[in-house]
Number of protein chains: 2
Amino acid sequence: MTYNEFKKLVNLSKEEISGQILERNRDSIKVKKEKKVIDNLIRIIDATLAICSKKSFQAMSIRDLSAESGLSRGALYSYFTNKEELLILIQSQGREIAYRVLTEQIAKGNDPVEKLRLAIKSHIYLSEAMRTWFYFTYIEARNLPKDEQKRAIESELLTEKIFIDIINEGIKEEAFRDVNVALAAAVIKAMLQDWYLKRWKYRNRKVSVDNYADFVIYVAESTLLIK
Amino acid sequence: MTYNEFKKLVNLSKEEISGQILERNRDSIKVKKEKKVIDNLIRIIDATLAICSKKSFQAMSIRDLSAESGLSRGALYSYFTNKEELLILIQSQGREIAYRVLTEQIAKGNDPVEKLRLAIKSHIYLSEAMRTWFYFTYIEARNLPKDEQKRAIESELLTEKIFIDIINEGIKEEAFRDVNVALAAAVIKAMLQDWYLKRWKYRNRKVSVDNYADFVIYVAESTLLIK
DNA sequence: GTCTATACATAGATAGAC
DNA sequence: GTCTATCTATGTATAGAC
């Protein structure tokens, strides 16, 4: 699988994502016309992610968001009750999509070696397709209220659990060496996250997403596969 | 080398660091008595790092800092001209110490294999000894003004260059495989950074700093060493 | 549904007393 | 050198017109 194949496979239209957000937040969204809500949610989220790729969510004022999204300050408050809720809305939706797509993709693997490759590739490809979401989710997690922070941590551990399970399976089937499983999963995750945290670096060096994914697979297999 | 040996070897007293900051910022520090400055700088920086391990620098108000440090709001402004300058002061000093200690330690290695181990260990041990500094420097880098951001990026690339040089040397001496050097250095760096970015995770799992360093060395050597 | 105007809160920075 | 009091700017959120 290459990045281009992945993109065709996984349909991540903005309308669909926006529709899911509407489903989950009917209470706090005051506007009634579905078409309008979906349209404006897209504009609001796009604007937020664009601004927050340059400065922090805290530093983004409602005035900034109004200017970038084209909606007035007053109108914005028809789509969320306060600024913190907007943060939570984007974060929780991002986490949900990520987990769903990842598990769907990995289910296609037949053995641990294949599953490991699929897991690495899907994660990197997904973070490429939704790089502003991933960056935002990672970098702004600490500014969430306590209970939402808990959910973010659970989500991080859940993704890691996917790798832990694959590696355990590989050891059981004697395809992988008997390494410290939790540590192996943790450092693989660290390498995956670097792709969207340091995009500027890889872009400057002209490293493609396929290059990067292949290299992470090379490192993981060098560490895990029995020689 | 273990973490305990490293700590004895590298003396990182707060007074010394604070003294260096005074040297570099004589202009903006209005207080004249050296002893007072050094004492209060320590309190200010400790307070900042403590607050910013829980919330962002932006979210920390001067009032917060006043309460935590024990100095009044007015007094604080005798040690920096504005809030942004405080951010720059802490960041630049953190980067300087890190680079100095790292290069000093690595110079002790005699061959690429030994140097690679030394580089990995010193980096992880240093980030353990100064974990609040490292975390702060990483997480708040994006909130720096443009020109200071440039310096932060240069510093990141400089640390990575250390690894690139070691790996190149290893390949030349036919101790290492002929891998993509920049990518290898980048993913090693990613693993090193995970130690201070996800401390909560490793603490919960009771992974010691020595465990972690050994595992990263294991991954790096599995990827690089000729079998 | 969306806008403009505005109330209200909070934060950074300074002046002047001690 | 440090404090308290205060000025001013900026930002969130709402009310009421359109």
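No hydrogens, no waters, no symmetry mates; every other heavy atom, side chains included, goes into these values.
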Item to check | E148(B) and R151(B): CA distance, side-chain angles, deciding distance, salt bridge (Lys or Arg N to Asp or Glu O under 4.0 Å) verdict | outcome: CA-CA 5 Å; E148(B) 272 295 317; R151(B) 291 211 185 89; 2.4 Å; yes
Checklist entry - Going by atom types only, do N211(B) and Y202(B) share a side-chain donor-acceptor pair under 3.5 Å? => result no
Item to check | Approximate separation, where rounding is to 0.5 Å, of Y125(A) OH and Y3(A) OH | outcome: 10.0 Å
Checklist outcome for this item: L86(B) CG to dA11(C) C1', in whole Å, measures 15 Å
Item to check | Interatomic distance where NZ belongs to K55(B) and C1' belongs to dT10(C) [whole Å] | outcome: 12 Å
Item to check | Gap between atoms CG and C1', on L87(A) and dT12(D) respectively (whole Å) | outcome: 15 Å
Next on the checklist: With the threshold set at under 4.0 Å for non-hydrogen atoms, list the residues of residues 17-37 of chain B touching DNA chain D in residue-number order.
Outcome noted: V31(B), K32(B), K33(B), K36(B)
Checklist entry - Rounded to the nearest Å, what distance is computed from the CG atom of residue L76(B) to the C1' atom of nucleotide dC3(D)? => result 11 Å
Item to check | Exam field: side chain T137(A) to backbone W133(A), donor-acceptor pair closer than 3.5 Å | outcome: yes
Checklist entry - Taking the side chain from Q193(B) and the backbone from A190(B), do they hold a donor-acceptor pair closer than 3.5 Å? => result no
Checklist entry - Can you name the side chain to side chain contact (heavy atoms under 4.5 Å, CB included) partners of A184(A), sequence neighbours left out? => result I167(A), V179(A), L224(A), F215(B)
N/O contacts under 3.5 Å, protein versus nucleotides 12-14 of chain C?
from	atom 1	to	atom 2	distance (Å)
dG12(C)	OP1	K83(B)	NZ	2.9
dG12(C)	OP2	I62(B)	N	2.6
dG12(C)	N7	R63(B)	NH1	3.2
dG12(C)	O6	R63(B)	NH2	3.2
dA13(C)	OP2	Y77(B)	OH	2.8
dA13(C)	OP2	K83(B)	N	3.0
dA13(C)	N6	R73(B)	NH1	3.1

Checklist entry - Would you say the side-chain atoms of E140(A) and Q91(A) include a donor-acceptor pair closer than 3.5 Å? => result no
Item to check | Within 6.0 angstrom of K30(A) NZ, more than 12 heavy atoms from elsewhere | outcome: yes
Checklist entry - Just checking N40(B): base, sugar-phosphate only, or nothing, at a heavy-atom cut-off of under 4.0 Å? => result sugar-phosphate
